[in-house]
Each structure stands twice: as C-alpha cells, then as structure tokens.
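Bear in mind the structure is a predicted one, so any value in this text is a computation, not a measurement. Chain naming here is simple, since letters A, B, ... match the order of the sequence lines and numbering starts at 1 in each.
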Amino acid sequence: MEQAGRTEGSVTGTAIAAVLVFVGAIAVRGVSGDPAVAPADRERAPDDIAAPLQLLGPAASLRAGELAPRVREALRQEWNEVQRSVARIQACPPSSEWLASAPGQRCERLLAELRSGSRDEALAALHLVFELARRTEWAPGLRARTQHADKLAGLLHEWLRAWGERAADDRVLSEPAVAATVAYGALMRRVSQPLPLGGNDEALERARAFLASQLFDAQGQATRLGLAVRARHPKALEALAGRRNVLDGFREAFELAYPELDGECGS
Amino acid sequence: MTLSDERRAGLAARQLALSCALIALGALLTSVQLDGNGDWVGTGYASLGVGAVAALAAFLLALRSNFAAPRDALTALSTASNLLGLAFLVAGVLAPGGAWMFFEALLLVALLARGAVRGETLGRGAVAALVLMLLFRLWITYQGSQHRWQVMTLDVPVLSSLPFDFLAPIQSISLGAFTPHELGFPRAGVNFAPTVGVWTLGFALLVLGLVWRARAAQEHENDRIHAAIWELQPNVARLVERLLPESEWGELGLQALPERALRKRIEALVVERVAARRDFERALRAANLLATTNTGGYGAEIQQALTEGEVR
C-alpha cells in the first residue's frame with residue numbers, strides 16, 4: 001500500500017514536471033534577444049578616456065596630453081619626451097631607419113613597457129605606433145622595400161598579441177583594437193604584395209596565421225575581436241576566410257578609415 | 001492481482017510519466033539558442049507551427065487505426081506529449097524559413113502519416129529523414145555563423161584557377177542562397193557550438209522519448225487489460241489469460257478499447273475460443289484416427305475389418 005502511494009506520488013510529480021517543462025518550451029520560443037551591444041556603447045566609467053579613436057586619428061597629437069596623467073609615474077617623464085620626439089619627426093624618414101636611431105630605440109623600449117601596463121598605457125602605446133605610421137615612410141615603392149612596413153606591422157603584431165582579445169571586450173580599447181587589427185592586415189598586405197605581380201608568400205602566411213589566431217577560435221568561429229572587426233568591416237573577415245586576396249579586405253577598410261596613412265606621410 | 005502485478009502496473013505508469021518528461025526536456029532544448037550576447041533566446045513560433053501541422057496530420061491518420069482515447073490524467077498527458085513531441089521534433093529539424101521549410105514539411109507529413117497508418121510513432125524512414133534534415137539545418141546554421149549565406153559554393157573548373165580579379169563573379173557558383181532572417185538567427189548572432197550541442201541533445205531526447213513513450217503506453221494499456229481480466233475469480237482469470245495470451249492482445253483488438261467495450265470484447269473472445277475448443281475436442285473424439293493410417297492395397301481390407309471390430 002505504501003509502495004503504491006509512493007509510486008503514485010512519483011508519477012504525479014514527474015507528470016507535473018513534464019507539463020511545466022512543456023509550457024516553458026512553448027513560452028521560451030517567443031523570447032527574442034537584444035541586439036549586440038558593442039563594448040564602446042556601454043556606460044562609461046567617470047575616469048574612462050572619451051572618444052579613444054581620436055587618439056589614433058589625424059588630429060591625435062591635439063589630445064596626446066590627456067594620456068600623460070594616465071601613464072604610471074615611473075614612465076611619465078619618458079612618455080612625455082618620446083611622445084614629443086615622435087610628434088616632431090620631420091622629413092618623413094623610413095620607419096625602420098628612424099626606429100633604429102637613438103630616439104627610435106628609446107621609443108621601442110617605451111612601447112614594450114606601455115604594452116605590459118594598464119589599458120590606458122596600452123592606448124598610449126597604440127597612439128605612438130599610429131603617429132609613427134603617420135610621420136614615417138613605410139610605402140614599399142617601386143623598389144619593393146617592404147622592411148619598413150614589416151617593422152611597423154611588427155609593432156602592431158606585438159600590441160595585438162598582448163591586448164587583442166582582452167581589448168575586444170573593453171569599453172576604451174575595443175575600437176582601437178579593431179583599428180590596430182585592420183592596420184596590421186593592411187600593412188602586411190603591402191609587405192606580402194608590394195607590387196601588382198608576384199609577392200611574398202612567407203609574409204602572407206605569417207599574417208594570415210596571426211590574424212586567424214586573433215580573429216577565429218579553434219572551431220573556426222569568430223572571437224570577440226573577430227566579431228568586433230566583422231561588425232565594422234565585414235568584408236575584411238570574409239576575405240580572410242577565403243582562398244585568394246585574403247588581406248585585401250583589410251587594405252580596403254584601412255584606406256577608407258585612414259586615408260592619410262598612405263606610407264608617404266600623406267604627401 | 002498479486003503484489004508483483006501491482007509493482008508492474010506502477011512501473012509502466014512511471015515509465016510513461018518519465019518518457020513524457022524526457023519529451024518535454026527535448027522540446028525545451030530544441031526551442032532555445034545562445035546568442036552573441038551570451039543570452040538564451042527562442043527559436044521562434046513559425047517552425048513550431050509547421051511542425052504542429054505535420055504532427056496533427058499524423059495524429060488524425062492514427063485516429064483511424066490505433067488511437068487510444070485518454071482515460072485519466074496520465075494517458076491524457078501521454079497523448080499530448082506524443083503530439084507535442086512530434087511537433088517539436090519536426091520544428092527542430094526544419095530549415096527555419098523560406099521555400100525549403102515547406103518542402104521538408106511536406107516530406108515529413110508523408111513519412112509520419114505512413115508510419116501512423118502502420119501504427120508506428122516513428123518509423124525507420126521517418127527517423128532517417130529527420131536525421132538528414134537535422135544535419136542540413138546544422139550545416140546551414142554553421143554557414144550562417146561564418147557569415148556565408150549560401151548552402152555551398154562550387155568553384156568553376158579552370159576559371160577559378162585564373163588569378164584575375166575581374167573574373168571573380170564567374171569563378172564560383174553559389175548554391176541555395178539564404179538570409180539571416182530566414183535562418184531565424186537572434187539579433188546578436190548565434191553562438192554556434194553551444195547552440196548546436198543543445199539542439200542535437202534535444203533531438204536525441206525527443207526521439208528516445210517518443211519511442212519510449214510508445215512502448216510504455218502499450219505496457220500501460222496491457223496493464224489495464226490485465227487488471228480487467230483479474231477482476232474475475234483468480235482461477236477463472238488464469239484460464240482466461242491462457243485462452244487470450246498477452247502477446248495476442250494487440251491483434252485481438254483489446255488495446256485502446258473503452259472500459260465497457262473491453263470487457264464485452266473479452267467476454268466475446270472467451271466464449272468464441274471456448275466454443276471453438278469444445279468443438280475441436282468433440283470432433284477429435286468422434287474422429288476414427290486409426291482409419292487415417294490405412295495405406296490401402298493388400299492389407300487395407302484386413303486393417304479396416306480389425307479396426308472396425310475394435311471400435312465395436
């Protein structure tokens with residue numbers, strides 16, 4: 001008798017659970033999600049730097065002073081001097097040659113320090129790289145001198161390796177990270193194919209492998225950084241997943257977003 | 001009815017309730033997808049509506065062959081679970097929109113209806129078609145998650161190997177184009193891997209649940225017939241069960257009968273079978289069996305004379 005009562009209780013309980021789950025299954029079908037919210041659209045913290053993309057744009061030097069108080073005390077003096085020396089580069093020297101000079105080496109050392117610091121310091125590092133790209137010559141030209149673009153792309157590569165995935169979900173760094181990715185792809189496009197015919201397959205494979213590691217996960221799905229790049233430049237990601245002209249999408253996006261960064265100091 | 005019979009009856013009811021819960025869980029899992037914001041959202045009502053039509057068609061056809069009217073809350077839940085389970089199962093494998101969905105729905109209605117006429121919830125052909133359709137749905141979801149809005153792209157031989165950009169539009173052919181809207185993707189995009197995992201698990205639970213429910217329902221129904229027979233005196237009930245063995249209850253039309261009709265049918269069958277046995281025994285007793293061994297020829301007359309003499 002007790003056994004029968006227990007059985008009836010368990011049957012009733014299971015049946016009620018089944019009914020509730022069915023109701024849930026029907027109701028949940030109508031739940032529609034919210035549109036994707038870009039990290040940059042989230043509510044800003046009071047100390048977040050405003051419009052961070054301006055610090056990579058043509059008028060970035062006007063706001064460079066805002067970055068000084070955000071760099072840690074130990075590096076602030078060095079930052080002020082290096083930032084000033086980069087802003088005063090004259091006569092469009094070739095990128096790798098300037099970086100091999102004394103101020104260039106100092107700049108490279110500071111970039112390494114900034115990359116390992118806070119997110120504001122990471123933004124300061126990216127600001128310096130974009131300023132270098134703006135004030136030095138890296139266009140391969142007819143002689144296909146790709147070492148300058150390769151050197152600059154190397155600086156972006158290191159920044160993305162350190163910050164790429166973390167930056168993609170950050171209010172301040174998400175858009176600069178997309179800009180850095182597009183700039184890296186565009187620079188490597190110039191390195192891998194400096195002239196209309198022929199090209200450097202090693203550079204192309206290097207760029208493709210690095211971008212794939214940053215933008216796609218092990219299952220071939222877009223990472224957070226990949227989703228951010230896709231949201232702004234869908235053709236760039238589409239081309240990267242293709243078989244030919246894999247970096248052309250990045251080149252087009254970069255030329256559209258930064259027309260003054262032509263590798264010849266905008267001349 | 002013995003204690004073990006009571007336990008057996010309880011077991012069938014418990015199995016029926018558990019199979020319904022399994023179907024419900026499968027239905028829930030096929031109804032959700034993980035979006036790009038990390039939220040679980042629904043897969044929409046359009047495909048469920050089409051799935052419900054397919055399930056209803058199969059259900060209506062089954063009414064004519066082996067429909068068991070619900071008699072209590074549990075059998076009502078079982079019938080509803082069967083109908084809803086089929087609706088969710090079909091909805092879970094349909095391409096979520098466009099002309100494909102209606103073509104797939106048509107095919108599934110035909111397969112499910114054929115199974116229903118034969119008395120099967122899910123025949124082998126229907127399961128094979130459902131698996132293929134699920135794979136197709138997972139494939140186009142994968143393509144969509146990669147922002148490739150076609151079933152596949154085929155390279156045109158020779159042309160595709162030429163390194164000229166102006167040939168790009170004719171270097172490949174896109175087959176089966178679709179849109180994100182047709183796929184029913186959430187607004188923030190779909191998170192492919194967990195979504196596919198959940199859908200596949202839901203599909204497996206639905207198929208298992210539906211097959212289990214069909215068997216549990218049959219066992220539950222047999223328990224009811226058994227209980228009706230054991231309303232008789234135990235000795236009589238044992239004899240009736242020897243006359244009407246459980247393995248023949250389906251063929252004898254005992255399952256799915258209303259209570260009163262069930263008892264009348266048992267009564268009629270017992271009368272019929274007992275009468276047939278008595279007739280047979282009477283005929284057996286009257287038959288001159290030794291005469292059947294008479295092979296004719298030389299000894300025939302002698303054998304007949306001896307056996308007749310013996311009878312006398």
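- Between chain B and the residues A:D217, A:V19, A:L227, A:D34, the largest count of heavy-atom pairs under 4.5 Å involves A:D34.
- Among the candidates B:V32, B:L84, B:D39, the residue making the largest number of heavy-atom pairs closer than 4.5 Å to chain A is B:L84.
- With a 4.5 Å cut-off on non-hydrogen atoms, B:L48 touches chain A through its backbone and its side chain both.
- Of the listed residues (A:V23, A:L237, A:T12, A:T14), the greatest number of heavy-atom pairs within a distance under 4.5 Å of chain B belongs to A:T14.
- Within 6.0 Å of CZ in A:R232 there are 12 or fewer heavy atoms belonging to other residues, nucleotides or ligands.
- Within the 4.5 angstrom heavy-atom criterion, no atom of B:S78 approaches chain A.
- Looking at B:R224 and B:H220, their side chains never come closer than 4.5 Å, going by heavy atoms from C-beta outward.
- A salt bridge does not link B:D35 to B:R187: none of the charged nitrogens lies less than 4.0 Å from a carboxylate oxygen.
- For A:F254 and A:Y258, the ring centers sit closer than 6.0 Å to each other.
- Within the 4.5 angstrom heavy-atom criterion, only backbone atoms of A:A27 (N, CA, C, O) approach chain B.
- Of the two parts of A:L20, neither the backbone nor the side chain holds a non-hydrogen atom closer than 4.5 Å to a non-hydrogen atom of chain B.
- Comment: A:D150 engages A:R206 in a salt bridge, judged by a side-chain N to carboxylate O separation of less than 4.0 angstrom.
- Among A:A17, A:G24, A:G220, the residue making the largest number of heavy-atom pairs under 4.5 Å with chain B is A:G220.
- With respect to the salt-bridge test (charged N to carboxylate O, under 4.0 angstrom), the residues A:R208 and A:D201 do not qualify.
- Within the 4.5 angstrom heavy-atom criterion, no atom of B:L16 approaches chain A.
- Under a cutoff of 6.0 Å and an axis angle of 45°, B:R215 and B:W212 do not form a cation-pi pair.
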